[in-house]
> 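Have a look at this one.
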Amino acid sequence: MADGDGNGWVVCAQGHRHWGKYGAAGLLASAKGPDGQPSVLLIHRASWTQHPDTWGPPGGARDSHESAAGAALREAAEECAVPPEAVRIHGLVDDDHGGWSYQTLLADADREFTVYPASREAPEVAWVPADRVESLPLHPGFAKTWPVIREAMTPVTVIVDGANVMGSRADGWWRDRAGAAARLYGELAELAGRGVTALPADVAPGGLDRWYPEYVLVVEGQARAAAPALRDADGVRVVAAPGSGDDTIAELAATTGGRRLVVTADRELRGRVTDAGAAVTGPRWLLGQL
């Protein structure tokens with residue numbers, strides 16, 4: 001294994017010639033523009049590259065030791081100076097050609113950040129309003145996946161009613177509520193890393209091959225004792241309810257941006273979060289993912 005060992009041409013099962021011995025990956029970062037409307041970060045490919053003078057996300061060949069996310073972030077930094085800490089990956093589209101695939105990682109940023117051409121492969125980079133993307137000459141692979149990406153650009157936050165989810169498992173949680181909360185936190189951290197292949201239908205459209213939601217674990221009562229030791233991890237944060245856990249969850253459902261999915265079986269709470277515009281599912285869905 002060595003840096004750059006993925007560079008090279010291969011032919012897929014469909015007879016197409018592709019760059020990247022181990023596949024390729026790209027990063028499609030989105031943010032709200034100055035007018036509040038969504039924009040995406042695209043590069044204009046140089047005239048001497050494959051599919052010249054087309055627009056698409058920064059990306060390139062994966063090395064043998066790289067994950068798709070690692071390769072996408074590296075390529076984005078190399079081609080247009082994207083700082084890895086400025087974006088959070090929330091989805092993946094896998095364009096599989098048979099023996100070779102291009103994986104696009106969807107990411108969101110708090111705001112448009114400064115970018116510039118950092119590679120001769122991409123002489124022009126820009127934040128492009130999402131509603132103008134189709135007016136550009138697009139890389140054919142990106143043109144194929146853009147309709148799916150466009151519908152899934154908004155990230156998903158899963159708000160977990162910790163007491164309700166813990167109470168749905170007969171594992172002796174009531175003897176040590178703080179310990180049970182810590183175990184659930186650990187399981188959510190693992191789930192955040194590997195993602196899910198599907199979300200409930202009323203949360204987000206289909207089309208993505210994997211989702212990476214952010215999880216918010218709300219703890220209350222005796223379980224709050226676990227909160228100080230449970231630092232926010234990549235994709236998981238813990239909220240200790242100062243009073244009623246239901247009130248905190250309802251407030252999060254109303255104030256969190258993007259798509260929200262609340263995990264609870266509490267009938268009254270389900271009505272409150274639905275009124276706040278969030279989707280809701282029972283603990284069974286979440287436990288099936290853990």
Side-chain angles (χ1 to χ4, degrees), residues 12 18 20 23-32 38-42 55-60 62 66-76 82 84 86-98 100-110 128 130-131 133-134 138-160 188-216 234-236 256-263 277-281 285-286 288-290:
C12 71
H18 303 281
L27 185 80
L28 196 284
S30 64
K32 286 186 178 180
S39 59
V40 294
L41 178 58
L42 301 179
W55 289 81
R62 287 175 60 179
E66 283 186 307
S67 66
L73 290 169
R74 173 182 56 76
E75 289 285 342
V82 172
V87 297
R88 182 185 177 279
I89 291 171
H90 64 85
L92 179 150
V93 176
D94 186 8
D95 185 13
D96 189 352
H97 290 241
W100 187 91
S101 69
Y102 189 100
Q103 295 182 316
T104 302
L105 282 299
L106 281 63
D108 68 290
D110 292 335
V128 178
D131 60 6
V133 168
E134 293 180 24
L138 300 179
H139 182 286
F142 178 55
K144 175 182 175 182
T145 57
W146 170 243
V148 171
I149 293 171
R150 181 183 56 210
E151 297 301 317
M153 285 186 353
T154 304
V156 176
T157 301
V158 178
I159 303 168
V160 180
L188 290 175
E190 292 182 5
L191 182 60
R194 66 176 180 268
V196 297
T197 56
L199 292 165
D202 56 345
V203 180
L208 292 192
D209 293 282
R210 194 160 291 271
W211 295 86
Y212 298 95
E214 180 181 26
Y215 296 88
V216 180
D234 187 15
V236 184
T256 301
R259 296 184 174 101
R260 294 94 69 211
L261 171 65
V262 175
V263 181
V280 64
T281 191
W285 175 82
L286 179 62
Q289 306 296 325
L290 298 178

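Remember, predicted model here, so these are calculated numbers, not experimental data.
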> Show your reasoning for whether side-chain contact (heavy atoms from CB on, under 4.5 Å) applies to Val263 and Ile159.
CA-CA 6 Å; Val263 181; Ile159 303 168; over 6 Å; no
> Taking all atoms of both residues into account, what is the closest heavy-atom pair of Ala71 and Arg62, and its distance?
CB-CG, 3.5 Å
> Taking atom CG of Asp96 as the centre, does the number of heavy atoms from other residues, nucleotides or ligands within less than 6.0 Å exceed 12?
yes
> At their closest point, which heavy atom of Ile89 faces which heavy atom of Ala69, and how far apart are they?
CD1-CB, 3.6 Å
> Can you name the closest pair of heavy atoms from Val262 and Ala278 and give their distance?
CG2-CB, 4.2 Å
> I need the Leu106 CG to Thr154 OG1 distance, nearest 0.5 Å.
10.0 Å
> Is there a side-chain contact between Met153 and Pro38 in this structure, where contact means two heavy atoms from C-beta onward sitting under 4.5 Å apart?
yes
> Could you go through His139 and Trp55, starting from their C-alpha distance and side-chain angles, then the distance that decides it, and tell me whether this counts as side-chain contact (heavy atoms from CB on, under 4.5 Å)?
CA-CA 6 Å; His139 182 286; Trp55 289 81; over 6 Å; no
> Is the backbone of Gly26 close enough, under 3.5 Å, to the side chain of Thr104 for a donor and an acceptor to pair up by distance?
no
> For Leu27 and Ala107, work out which heavy atoms get closest and say how close.
CD1-CB, 3.9 Å
> With Leu28 as reference, evaluate Val87, Val93, Thr145, Leu42 under the side-chain contact (heavy atoms from CB on, under 4.5 Å) test and give the passing residue.
Leu42
> Would you confirm whether Arg88, through its side chain, and Ala109, through its main-chain N or O, come within 3.5 Å as a donor-acceptor pair?
no
> Considering only heavy atoms from C-beta outward, does the side chain of His90 approach that of Val156 to under 4.5 Å?
no
> With a 4.5 Å cut-off on side-chain heavy atoms, are Asp95 and Gln103 touching?
no
> Start with the C-alpha distance between Val216 and Thr157, add both sets of side-chain angles, then the distance that settles side-chain contact (heavy atoms from CB on, under 4.5 Å), and finish with yes or no.
CA-CA 7 Å; Val216 180; Thr157 301; 3.7 Å; yes
> Using side-chain hydrogen bond (donor to acceptor under 3.5 Å, both in side chains) as the criterion, list what pairs up with Lys32, not counting sequence neighbours.
none
> Tell me whether the rings of His97 and His18 are parallel (<30°), tilted (30 to 60°) or perpendicular (>60°).
perpendicular
> If every non-hydrogen atom of Ala24 is compared with every non-hydrogen atom of Trp100, which pair is closest and at what distance?
CB-CZ2, 3.7 Å
> Just list the side-chain donor-acceptor pairs under 3.5 Å for residues 195-214, sequence neighbours left out, or say none.
unit_1, atom_1, unit_2, atom_2, d
Asp209, OD2, Asp94, N, 2.7
Arg210, NH1, Arg194, O, 2.9
Arg210, NH1, Gly195, O, 3.4

> Test side-chain contact (heavy atoms from CB on, under 4.5 Å) on Leu188 and Leu286 and set out the steps.
CA-CA 9 Å; Leu188 290 175; Leu286 179 62; 4.0 Å; yes
> Using a 4.5 Å cut-off on heavy atoms from C-beta on, say whether the side chain of Ser30 contacts that of Asp108.
yes
> For a quick test of reading the model, state the closest non-hydrogen atom pair linking Gly59 to Tyr102 and the distance between them.
CA-OH, 3.6 Å
